[in-house]
Amino acid sequence: MGILSVDLFITLDGVYQAPGGPDEDLEGGFKFGGWQAAYSDDETGEAIVAGINRMDALLLGRKTYDIFAAFWPTRGDNDPIAVTFNALPKFVVSRSLTDPSWEGTTALSDVAEVAALKDRFSDIHVIGSGDLARSLLDADLVDRMNLFLYPLIFGSGKRLFPDGTGVPAAFRVAQPPQAFPNGAISLVYERAGEPITGIDISQV
């Protein structure tokens with residue numbers, strides 16, 4: 001059975017909204033779009049590309065899918081990331097999208113259909129797609145979290161778990177953290193059952 005990984009660019013206060021461009025996602029009046037580029041460097045880029053090269057299927061929520069579908073098919077064969085994304089089998093979870101325009105895309109109407117993908121692919125990645133990631137975590141379908149943590153606090157914006165939502169889950173470190181020259185850190189966690197609570201730290 002394959003694994004499902006969630007890849008997120010995220011700030012210290014948990015915001016994942018619009019890292020790639022100022023007009024990427026203005027929902028909620030978000031004013032800080034395009035925050036990732038100032039912290040980019042060769043090492044961070046290599047780590048991101050390495051993750052993309054590992055995946056054999058791409059799973060997206062509707063909003064991220066629309067952004068990707070409008071961008072990556074236009075990039076041409078000189079962009080290796082575009083070549084990979086355009087060639088990969090792609091899946092979008094959406095109740096309203098029935099005829100996806102991006103070649104190689106299959107629409108799924110419900111998160112419950114994602115479980116069957118693990119029997120078909122070895123390394124499925126969700127990129128961004130916070131609403132979908134939250135639903136997959138709630139359904140206990142996420143095996144790994146690949147987080148690129150950036151040294152920023154915005155105080156507003158879309159967060160993975162707004163208002164205390166989320167199903168309790170524990171994770172373990174899957175590989176050593178990697179710090180990059182311009183301040184981002186790569187953190188990789190894998191699912192490790194339920195949280196262990198109720199222990200008095202003074203008794204340990």
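Any value given below was found using the heavy atoms of this structure, including those in side chains, with hydrogens, waters and symmetry copies removed.
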Closer than 4.0 angstrom, basic N to acidic O: yes or no for Asp138 and Arg134?
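The answer is no: the pair does not qualify as a salt bridge.
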Is there a side chain to side chain contact (heavy atoms under 4.5 Å, CB included) between Arg159 and Asp13 once you walk through the steps?
CA-CA 8 Å; Arg159 292 174 170 84; Asp13 58 342; 3.3 Å; yes
Kindly work out whether a path of hydrophobic side-chain contacts (I/L/V/M/F/W/Y, heavy atoms less than 4.5 Å apart) joins [X] to [Y].
| X | Y | result |
| --- | --- | --- |
| Ile124 | Met55 | no |
| Phe161 | Ile153 | yes |
| Phe171 | Leu4 | yes |
| Leu8 | Val173 | yes |

Rounded to the nearest 0.5 Å, what separation is found between the [atom1] atom of [X] and the [atom2] atom of [Y]?
| X | Y | atom1 | atom2 | answer |
| --- | --- | --- | --- | --- |
| Asp99 | Thr105 | CG | OG1 | 10.5 Å |
| Arg144 | His125 | CZ | NE2 | 8.0 Å |
| Leu132 | Ser94 | CG | OG | 10.5 Å |
| Ile52 | Leu58 | CD1 | CG | 9.0 Å |
| Leu152 | Phe154 | CG | CZ | 4.5 Å |
| Ile10 | Leu187 | CD1 | CG | 10.0 Å |

Side chain of [X], backbone of [Y]: donor and acceptor closer than 3.5 Å?
| X | Y | value |
| --- | --- | --- |
| Ser129 | Ala133 | no |
| Gln17 | Gly33 | no |
| Asp56 | Phe121 | no |
| Gln203 | Ile199 | no |
| Glu46 | Glu43 | no |
| Lys63 | Asp131 | no |
| Asp79 | Ala82 | yes |

Do you see a donor-acceptor pair shorter than 3.5 Å between the side chains of Asn86 and Trp102?
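Looking only at side-chain atoms, Trp102 and Asn86 do form a donor-acceptor pair, the distance falling under 3.5 Å.
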Can a side-chain donor-acceptor contact be found between Gln36 and Ser40 if the only test is distance below 3.5 angstrom?
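Their side chains do not contain a donor-acceptor pair, so the 3.5 Å distance test is not met.
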Shortest non-hydrogen contact between Tyr39 and Pro151, atoms and distance:
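Taking every non-hydrogen atom into account, CE2-CG, 3.6 Å.
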Search all heavy atoms of Pro80 against all heavy atoms of Asn78 and return the closest pair with its distance.
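Reported closest heavy-atom pair: CD-O, 3.4 Å.
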Using the ring pair (Phe, Tyr, Trp, His ring centres under 6.0 Å) rule, take Phe71 and Phe85 through it: C-alpha gap first, then chi angles, then the decisive distance, then the call.
CA-CA 11 Å; Phe71 180 77; Phe85 280 161; 9.7 Å; no
[X] versus [Y]: any side-chain heavy-atom pair under 4.5 Å?
| X | Y | answer |
| --- | --- | --- |
| Glu24 | Pro19 | yes |
| Gln178 | Ile185 | no |
| Phe91 | Leu60 | no |
| Asn146 | Val6 | no |
| Arg191 | Asp140 | yes |
| Leu141 | Val111 | yes |
| Phe180 | Ser186 | yes |
| Asp7 | Phe148 | no |

Criterion side chain to side chain contact (heavy atoms under 4.5 Å, CB included) on Leu137 and Val167, from CA distance to verdict:
CA-CA 7 Å; Leu137 285 162; Val167 172; over 6 Å; no
With a sphere of 6.0 Å drawn around CG of Asp119, does it hold more than 12 non-hydrogen atoms of other residues, nucleotides or ligands?
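Count over threshold, so yes.
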Name the one of Asp143, Ile127, Asp123 that satisfies side chain to side chain contact (heavy atoms under 4.5 Å, CB included) with Ser5?
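Going through the options one by one, the only one that passes is Asp123.
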In this structure, is the centre-to-centre distance between the rings of Tyr16 and Phe9 below 6.0 Å?
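Not under 6.0 Å, so no.
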Measuring centre to centre across the rings, with the benzene-like ring taken for any Trp, is Phe32 within less than 6.0 Å of Phe30?
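Distance test on ring centres: under 6.0 Å, yes.
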